K.L.:
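A single structure is presented below for examination.
Numbers for residues simply follow the sequence, beginning at 1. Heavy atoms only: backbone and side chains are in, while hydrogens, waters and symmetry mates are out. Computed from a prediction, not measured in an experiment: that's the story for all the values here. We count ligands from 1, going down the list as the structure has it; atoms in each ligand are counted the same way.
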Amino acid sequence: MKDFYPWFLGAYGENHQLVEDLVNEAMRDHMYWRRNFHPESQPPIPTAAQFTPEYQEFVALLKSEMYRLSADLKAAIPFFSPRYIGHMASDLLIPGVVARIATLLYNPNHVSEDASPATIEKELEVGEQLAEMLGYSLSGPIKAFGHMTSGGTIANYEGLKNLMAARLFPVALGEAARELDADLKWEGQLIRDISPRRLANMSVEEALDIRAAAHKSAQELGIQNWADLVDAQRYETLGLTEFQRRHPELGRLRVMVPASAHYSWEKAMKLMGLGTSNLDMIAVDMDMRMELESLQQLLDYAHDAKDTVLLVVPVLGTTEFGAIDPVDGVVAARQTCRLRGQEFGIHLDAAWGGYLRSLFKAEDGTLRPHAELKAEFKYFPSAEVYNAFDATSKTDSATIDPHKLAFIPYPAGAYIARNRDIVEFVRQDAAYVFDGESADDSRFRKLGQYIMEGSKPGSTVASAYITHRVIPLNHKGFGKIIGNSIHSCEYFWDVAQAWAARMADKVVLAMPFEPDTNIACFALNPTGNRDLKVANAFGKELLKKLGPVQDGPIQNRSFIVSSTRLVEEHYGPRTHEAHKLLGLDAPAPGDESLLVLRHTLMNPWLLTPNEDGSNYIDLYFEFLEEIVLEKLAHFRFG
Ligand SMILES: *Cc1c(COP(=O)(O)O)cnc(C)c1O
């Protein structure tokens with residue numbers, strides 16, 4: 001018996017009775033709850049209404065539309081099936097589904113506790129559960145805070161917005177101090193004497209500290225409107241254009257992401273008005289991870305140009321390849337940069353890989369030793385991957401998506417900050433609380449004041465909350481699911497190598513890099529072909545049988561995978577290596593990019609043996625062989 005047998009709905013709805021019981025129970029319980037609110041009153045819908053023709057006509061219409069919807073939904077993608085190894089979606093966890101349905105009926109709105117007194121605390125608790133999983137502290141002077149979003153995209157926007165606000169605040173504060181010409185002090189120095197470059201290079205903690213110190217100074221000097229004076233200087237008030245015009249010392253406001261970053265970062269740059277030309281792409285190495293030398297070059301360049309680096313974004317599990325960026329290396333680079341007065345925030349994009357950290361966590365919350373983890377797997381985790389997971393606690397904030405590796409329904413993302421006070425820089429109601437008061441956590445019950453979204457569902461929160469309650473975020477809980485997924489990927493890798501050797505005289509299979517986690521990609525090229533266009537055309541032919549969209553019902557599909565391109569601009573050296581492995585001519589400028597099949601190996605049932613003993617990964621490669629041979633028989637070269 002696998003620990004997770006009772007956790008999922010199951011590829012054949014094996015656990016449907018449990019789900020049905022829980023949902024029915026919740027449904028009935030909700031109706032009784034309604035009846036118990038002023039049971040002395042008359043129910044507004046008369047009992048006899050159901051016997052009227054109008055009522056029955058409506059029921060008939062509703063039923064026929066529901067039948068149609070139900071029929072249409074049969075064309076949906078069967079994410080639950082181990083035959084689906086495409087995008088980041090899979091079977092669903094029962095607690096996530098039943099808690100969602102149960103809470104939907106109550107319809108709490110987590111914009112504020114006024115509209116969600118029963119559940120708002122659960123959102124803050126989910127934030128804490130995730131913070132703890134990432135290694136952020138929940139006690140002591142610096143405490144983490146987190147909340148749910150509709151997904152990783154919004155959480156990334158928030159990561160940018162909050163760090164940008166924190167980084168630019170001291171600049172506004174310095175300007176206000178100079179204008180006022182008062183003796184405001186921070187750490188024994190006069191704030192108006194602090195150089196603009198210094199103010200533009202403060203950490204989150206320094207920014208919070210100077211904010212509190214200036215406020216205290218202002219109070220002592222009897223300056224009543226200090227907070228308003230600072231506000232008047234902030235970019236949030238002036239607009240970014242005017243703010244930058246007044247502060248040429250900031251240079252360009254840069255954000256650095258690896259070339260492998262999710263496209264939400266480009267959207268974020270547009271949304272914030274920073275512009276995509278200020279999004280620096282850090283080169284990616286042969287393992288598809290952020291290259292630290294490239295990061296250092298970009299940081300050096302920005303330093304020499306007197307530009308401001310707002311933040312650097314390591315990705316914990318890239319969307320295309322599941323690669324783990326060297327988070328530890330980014331943290332170390334920041335330490336070095338600080339020695340020359342250069343600061344940057346670190347936002348961890350762990351939308352995909354955040355839950356992987358559950359596998360690294362012992363029940364007492366400590367990080368499990370590398371050797372202990374290694375003993376459970378064949379390849380995983382490499383020293384680089386382990387060190388990256390070890391360093392997540394040193395980042396400033398993170399994005400993490402429960403609707404990906406927590407197997408709960410959309411929409412469920414989360415934004416987590418290492419230091420909860422960072423949100424004071426973006427707080428909407430501007431109550432000007434400093435120190436003592438800001439330590440009061442009840443402020444977060446007015447969540448809408450601190451986050452990007454307004455009205456938002458409590459039902460998604462219940463989903464994540466109940467899931468985390470019954471499946472702990474450590475190696476004994478979620479780690480079981482995640483570990484299984486890593487095992488699936490290792491098995492996939494081995495089978496792919498054997499398949500490649502067996503098929504070598506017909507087709508070349510190249511896995512351009514070893515997977516860091518649970519996403520595996522490979523490209524195929526008919527043996528002897530040197531032309532990229534031909535290889536891609538061959539791949540596209542295969543995708544007609546493997547891609548999600550094709551003629552005919554989805555029920556006819558044997559396996560569904562996804563695909564992506566090795567874009568040379570992003571993956572330069574790796575692209576060349578892949579061409580070499582495939583026997584293709586080196587890519588020339590202007591060439592199209594190499595098509596690769598992408599397999600997300602998150603489904604919990606991939607390694608389940610069928611009657612003949614072969615599991616779904618074996619079956620996939622059998623199917624691949626079948627269609628490759630079939631396509632080769634009809635395929636025209638050139
Ligand atoms: C999926 C993903 C995102 C975007 O998340 P959504 O939930 O789709 O908005 C951002 N970053 C990474 C690394 C991702 O994998």
K.L.:
Suppose we measure from atom 11 (N) of ligand 1 to each protein heavy atom; which comes out shortest, and what is that distance?
P.N.:
Asp349 OD2, 2.7 Å
K.L.:
Within the supplied structure, the quantity of interest is the number of heavy atoms (other residues, nucleotides, ligands) at a distance under 6.0 Å from Gln335 CD; does it exceed 12?
P.N.:
yes
K.L.:
Quick one: look up the protein heavy atom nearest atom 6 (P) of ligand 1 and list residue, atom name and how far away it is.
P.N.:
Gly152 N, 3.3 Å
K.L.:
Is Ala351 close to ligand 1, meaning an N/O of one under 3.5 Å from an N/O of the other?
P.N.:
no
K.L.:
Any sub-3.5 Å donor-acceptor pair from Arg598's side-chain atoms to Glu320's backbone N or O?
P.N.:
yes
K.L.:
Is Arg357 positioned over the aromatic face of Phe389, cation under 6.0 angstrom from the ring centre and no more than 45 degrees off axis?
P.N.:
no
K.L.:
Could you list the atoms of ligand 1 found under 4.0 angstrom from a heavy atom of Gly151?
P.N.:
7 (O), 9 (O)
K.L.:
Run the ring-centre check on Trp493 versus His599 and record whether the distance is less than 6.0 Å.
P.N.:
no
K.L.:
Please report which non-hydrogen protein atom sits nearest to atom 1 (C) of ligand 1, along with the residue it belongs to and the distance in Å to one decimal place.
P.N.:
Lys404 NZ, 1.3 Å
K.L.:
Have a look at Thr153, Thr149, Thr318, Val315 and point out the one with the heavy atom closest to atom 9 (O) of ligand 1.
P.N.:
Thr153
K.L.:
Quick check: Tyr355 with His468 (ring centres under 6.0 Å apart)?
P.N.:
yes
K.L.:
Which residue is it: Tyr620, Phe559, Tyr616, Phe79? I am looking for the one with a ring-ring contact (aromatic ring centres under 6.0 Å, His included) to Tyr84.
P.N.:
Phe79
K.L.:
Looking only at protein heavy atoms, which one is nearest to atom 10 (C) of ligand 1, and how far off is it?
P.N.:
His262 CG, 3.3 Å
K.L.:
Heavy-atom contacts with Asn156 under 4.0 Å: which atoms of ligand 1 show up? List them by number with element.
P.N.:
10 (C), 11 (N)
K.L.:
Kindly give the heavy-atom pair with the smallest separation between Glu158 and Tyr415, and that separation in Å.
P.N.:
OE2-CD2, 3.5 Å
K.L.:
Which option, Asp401, Leu316, Thr319, owns the non-hydrogen atom nearest atom 5 (O) of ligand 1?
P.N.:
Asp401
